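To start, the structure itself, in structure tokens.
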There are 2 protein chains.
Amino acid sequence: MMISERQDKILALIQKRGRISIRELQELLLVSVSTMRRDLDKLADEGLVKRIHGGVELLSQHPTLQPEIAIADKTKLNQPSKQQIALTAIAQLQGGETLYLDAGTTTGAMITLLGQVTPAPLVVTNSVHHASQLADLMVPVVVIGGQVKLSTNATVGMTAAEQLGQLAFDVSFIGADAIDLTAGITTPDLEEAAIKRLVIAHSRHAFVLADASKFNQRAFAKVADLEEVTIITEPNSATELASYQTKTQLKIGDQS
Amino acid sequence: MMISERQDKILALIQKRGRISIRELQELLLVSVSTMRRDLDKLADEGLVKRIHGGVELLSQHPTLQPEIAIADKTKLNQPSKQQIALTAIAQLQGGETLYLDAGTTTGAMITLLGQVTPAPLVVTNSVHHASQLADLMVPVVVIGGQVKLSTNATVGMTAAEQLGQLAFDVSFIGADAIDLTAGITTPDLEEAAIKRLVIAHSRHAFVLADASKFNQRAFAKVADLEEVTIITEPNSATELASYQTKTQLKIGDQS
DNA sequence: TGTGAATGAATGTTTTTGAATGAAAAACGT
DNA sequence: ACGTTTTTCATTCAAAAACATTCATTCACA
């Protein structure tokens with residue numbers, strides 16, 4: 001990413017949040033702390049933001065009283081396997097695609113990486129959480145409307161299905177709850193399964209993201225047959241992935 | 001390929017993307033880095049683009065610095081007044097309503113309070129940020145789908161309008177950018193104004209939330225006449241609120 | 001064949017970056 | 001309140017990336 005592009009994103013984030021830590025910026029934009037520090041010092045020199053200990057804030061803001069709506073994300077269980085799967089998934093992109101991003105933590109690991117893709121893809125998602133994060137990173141995003149399921153922050157239901165039915169995707173990345181040789185891809189929730197099915201039907205190519213623990217599991221509602229999708233997973237000795245090779249396509253992250 | 005033809009393509013790409021790296025241009029047009037460098041230097045000399053380290057960008061407008069940001073800056077001021085306004089707004093609820101919550105920081109101050117209302121209301125919003133927070137607080141929420149405006153994290157456009165058109169609200173809370181005795185409620189963005197108008201039209205009772213700095217200001221796009229809404233604001237000596245009393249309804253927070 | 005523009009590669013220089021270090025500041029525990 | 005621990009900061013250094021410059025080759029056209 002180019003310097004001015006990165007600094008524009010920093011400015012946009014500050015405008016939206018009023019105040020943001022150097023640490024968070026650094027993690028969102030995937031650069032070192034040193035580089036982020038230099039960027040912020042430069043922006044402060046130009047008089048665009050105010051430098052404070054630990055981060056930056058808007059010039060006009062009064063430091064005395066902070067609202068700090070910090071209820072947001074804490075689930076930064078940065079499991080290396082999720083990160084690895086996300087990297088493999090991103091590698092399927094060329095840039096500029098119209099893609100669907102399913103709700104869930106595994107697909108969520110793709111978000112910061114999506115902010116790096118050029119040209120920026122158009123991301124459609126049913127997760128309000130993902131949508132908010134992507135917008136913060138200045139990634140063009142369309143959110144599927146409807147009732148938000150409180151357990152997953154994802155929209156489901158008729159309104160969502162209707163809106164989805166009018167769209168078509170180059171690529172979709174679906175989170176998986178359970179993968180089985182005969183049952184295929186399944187998930188516990190009936191409504192979420194319906195959304196996932198619809199997405200797959202409207203995608204030129206559908207990828208299912210799953211860590212090793214999801215294999216040889218079955219859940220209630222059918223999402224897809226193995227033949228319909230490509231599964232992106234991690235290298236894993238426990239699961240006998242070879243038997244899946246015959247029924248579906250597999251992308252396995254590097255053992256690095 | 002002829003030189004001018006190649007340079008036209010470069011210009012078209014920059015026009016479309018706003019900013020592009022020398023590496024990407026070089027790969028797209030299948031020439032050496034040296035040649036691409038020469039092209040870009042020439043275009044920069046002619047004043048057609050701005051040369052930056054690693055690539056080129058449009059020279060005209062800075063992507064993030066839009067006119068409305070100036071007004072958005074003001075909303076970052078006066079945190080306690082926002083809290084006071086939010087409290088007054090919540091006091092209008094009885095519990096169990098179907099309500100609309102507009103995007104913006106002032107309406108955002110209502111979020112934690114909404115988590116306390118019993119029975120829980122159904123909250124409809126066009127802000128993916130608000131939707132995410134409300135879902136975290138287990139408040140039933142419906143999000144309006146559509147393209148997310150990156151500067152405000154709110155959905156706008158045709159899809160959003162369509163979906164809104166099918167809903168009706170007991171109460172709506174709208175954020176205001178500018179309030180004027182003769183111009184009424186206005187806002188800088190045309191698309192957001194359209195959404196706000198639609199919401200007001202579908203609400204039994206519409207409230208506009210505004211701190212003192214919003215009064216006697218005018219912006220580009222009309223949202224509503226003063227007669228259509230009730231304004232919730234703060235006690236404020238500077239603004240002559242009395243003159244507004246005759247044109248609209250006012251709810252003013254306690255001086256506590 | 002000669003000429004000049006355009007190109008790609010090679011060269012050394014400048015800018016950008018990430019890591020390392022110790023100093024300063026904030027947060028913490030008692 | 002006080003000393004300790006953690007975090008943030010400024011500075012420095014080396015590696016990587018981007019840069020300007022030079023030079024030899026190619027190609028169109030006289």
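Everything quoted here is computed from the prediction, not taken from an experiment. Convention: sequence-line order gives letters A, B, ...; per-chain numbering from 1.
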Worksheet item: Do other residues, nucleotides or ligands put more than 12 heavy atoms under 6.0 Å from A/Gln217 CD?
Response: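 Correct, the count exceeds 12.
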
List for me each residue that meets salt bridge (Lys or Arg N to Asp or Glu O under 4.0 Å) alongside [X], sequence neighbours excluded, and say none if there are none.
X: A/Lys42; result: A/Glu46
X: B/Glu24; result: B/Arg17
X: A/Arg23; result: none

Worksheet item: In residues 37-45 of chain B, which ones come under 4.0 Å of DNA chain C, going by heavy atoms?
Response: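 Those residues whose heavy atoms fall under 4.0 Å from DNA chain C, taken from residues 37-45 of chain B in numerical order, are B/Arg38.
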
Item to complete: Starting at CZ of B/Arg37, measure out to CG of B/Leu25 and round the result to the nearest 0.5 Å.
Response: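 It is 11.5 Å, given to the nearest 0.5 Å.
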
Fill in: salt bridge (Lys or Arg N to Asp or Glu O under 4.0 Å) partners of residues 86-113 of chain A, not counting sequence neighbours, each pair once
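For residues 86-113 of chain A: A/Asp102-A/Lys196.
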
List for me each residue that meets side-chain contact (heavy atoms from CB on, under 4.5 Å) alongside [X], sequence neighbours excluded, and say none if there are none.
X: A/Ala176; value: A/Ile179, A/Ile185, A/Val208, A/Ala210
X: A/Val123; value: A/Leu99, A/Leu101, A/Leu114, A/Pro121, A/Leu134, A/Val139
X: A/Asp177; value: A/Thr187, A/Pro188

Identify all pairs in which a protein N or O lies below 3.5 Å from an N or O of nucleotides 26-29 of chain D, and state each distance.
none

Fill in: B/Ser34 side chain near C/dG8 phosphate (N/O to OP1/OP2, under 4.0 Å)
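For B/Ser34, the contact criterion (side-chain N or O under 4.0 Å from OP1 or OP2 of C/dG8) is not met.
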
Discussion item. Is A/Thr35 close enough to C/dG18 that one of its side-chain N or O atoms is under 4.0 Å from OP1 or OP2 there?
Written reply: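 Result: yes.
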
Worksheet entry | Difference in axis direction between the ends of the helix from C/dT1-D/dA30 to C/dT30-D/dA1, five pairs, 10° | 30°

Worksheet item: B/Arg23 has a side chain; which of D/dC9, C/dT17, D/dA18 sits nearest to it?
Response: D/dA18

Worksheet item: What's the CD1-C1' distance between A/Ile3 and D/dA16, to the nearest Å?
Response: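 Rounding to the nearest Å, CD1 of A/Ile3 and C1' of D/dA16 are 13 Å apart.
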
Worksheet item: Taking CE from A/Met1 and P from C/dT16, how many angstroms apart are they, rounded to a whole number?
Response: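 Computing the A/Met1:CE to C/dT16:P distance gives 16 Å.
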
Kindly give the atom pairs (protein nitrogen or oxygen, nucleotide nitrogen or oxygen) under 3.5 Å for nucleotides 23-29 of chain C.
none

Fill in: Under the ring-ring contact (aromatic ring centres under 6.0 Å, His included) test, residues paired with A/His205 that sit two or more places apart
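Testing A/His205 for ring-ring contact (aromatic ring centres under 6.0 Å, His included), a comparison that skips the adjacent residues, returns A/Phe207.
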
Discussion item. The test is side chain to side chain donor-acceptor pair (under 3.5 Å); show your working for B/Gln147 and B/Thr159 and say whether it passes.
Written reply: CA-CA 8 Å; B/Gln147 179 91 36; B/Thr159 308; over 6 Å; no

Worksheet item: Which part of the nucleic acid, if any, lies within reach of B/Val31 when heavy atoms closer than 4.0 Å are counted: base, sugar-phosphate only, or nothing?
Response: sugar-phosphate

